[in-house]
Amino acid sequence: MRSLKFCANLNFLFKEVDGILNRYDAAKSAGFTAVEIGFPYEIPISEIQRKKEETGLEQILINAYPGDLSSGDFGLAGVPGRETDFNNAVKLTLEYADALQCKKVHFMTGKLDPGSENSPVVLKTLEKNLTSILPDLQQRGIIGLIEPINNLTIPGYLLSDFDAALSVVKAVNSPNLQLQVDIFHLQHIHGNVTHRLQQLLPFTGHIQIAQVPFRNEPHLAGELNYSYIFDVLEKAKYTNWIGLEYNSDPVFQAGGQGTTIQGLSEWTTKLNCNIG
């Protein structure tokens, strides 16, 4: 059995279950010991804190408050001119992180019209904003994360290159800022996954996985051989968590009648993994 640790992303898994709070219960029943959430902010802090404590699940990761999604925001950390909004978002984010005892926060870079991705002004804004919040992160023992997202999935996302992300991490130069490497995005953006993982792992605090191109279970047909990728991670002695940020194929292919657990059972058996 592999030594890798997996946590359930409650925005992607258990979509056959209504509501994030109920998905905590579903993850617990499925055998998970830890979870991650993209956007918990529509749930009152007291309610999500109570559910997390009730289930006994460890909260590995949350995304920072992304701004107004309905107006096109998708993060604020790298958006020039939105520094005040970013600082307000950080305050709210840390309230949730404190309540959930969550020690990793993904600070999303943001989104603008295509053409501004990875530009010097975006990267400098990202560097300055993240440097400014280091005291808050250090005080809480929180690791901030930044993640490149491919522009096929999110057109106009301002950080869509792992070299650019790595340059920001190196410029900030703090153990409280690391990379979040979603291998789904890594394959879309760069390919050459083996070399890229070897390059990025020393700076990586969190990994996420999904098959390419359909963002489903890792054992299914696609561009990536996760049996080999898991070998690479184990040989590199990667010990941080791996988030399962994929859409469960049985749920979608069965028209909503399948279950996340069906897919979990198949891939964990085939790839010799344990989610407990």
Can you sort out the partners of Lys103 under salt bridge (Lys or Arg N to Asp or Glu O under 4.0 Å), two or more places apart, ordered by chain and number? none

Tell me, which pairs form a ring-ring contact (aromatic ring centres under 6.0 Å, His included) where one or both residues lie in residues 123-150, sequence neighbours left out? none

Taking salt bridge (Lys or Arg N to Asp or Glu O under 4.0 Å) as the definition, give me every residue that meets it alongside Arg50, ordered by chain and number, with sequence neighbours left out. none

Inter- and intrachain pairs under salt bridge (charged side-chain N to carboxylate O under 4.0 Å, His left out), touching residues 187-203, at least two apart: Asp163-Arg196

Side-chain hydrophobic cluster, 4.5 Å single linkage: members besides Leu152: none

Going by the ring-ring contact (aromatic ring centres under 6.0 Å, His included) test, which pairs reach into residues 139-186, not counting sequence neighbours? Phe162-His190, Phe184-His188

Pairs flagged by ring-ring contact (aromatic ring centres under 6.0 Å, His included) wherever residues 47-76 is involved - sequence neighbours left out: Tyr41-Tyr65

Sequence neighbours excluded - ring-ring contact (aromatic ring centres under 6.0 Å, His included) pairs with any residue from residues 3-31: Phe6-Phe230, Phe6-Trp267

Hits for salt bridge (Lys or Arg N to Asp or Glu O under 4.0 Å) against Asp98, two or more places apart or cross-chain, chain-then-number order -> Arg140

Sort and list the pairs that fulfil side-chain hydrogen bond (donor to acceptor under 3.5 Å, both in side chains) and have at least one residue in residues 105-114, not counting sequence neighbours. Asn63-His106

For residues 257-274, pull every pair meeting salt bridge (charged side-chain N to carboxylate O under 4.0 Å, His left out), keeping only residues two or more places apart or in separate chains. none

Output every pair passing salt bridge (charged side-chain N to carboxylate O under 4.0 Å, His left out) with a member in residues 218-234, not counting sequence neighbours, ordered by first then second residue. Arg2-Asp231, Arg2-Glu234

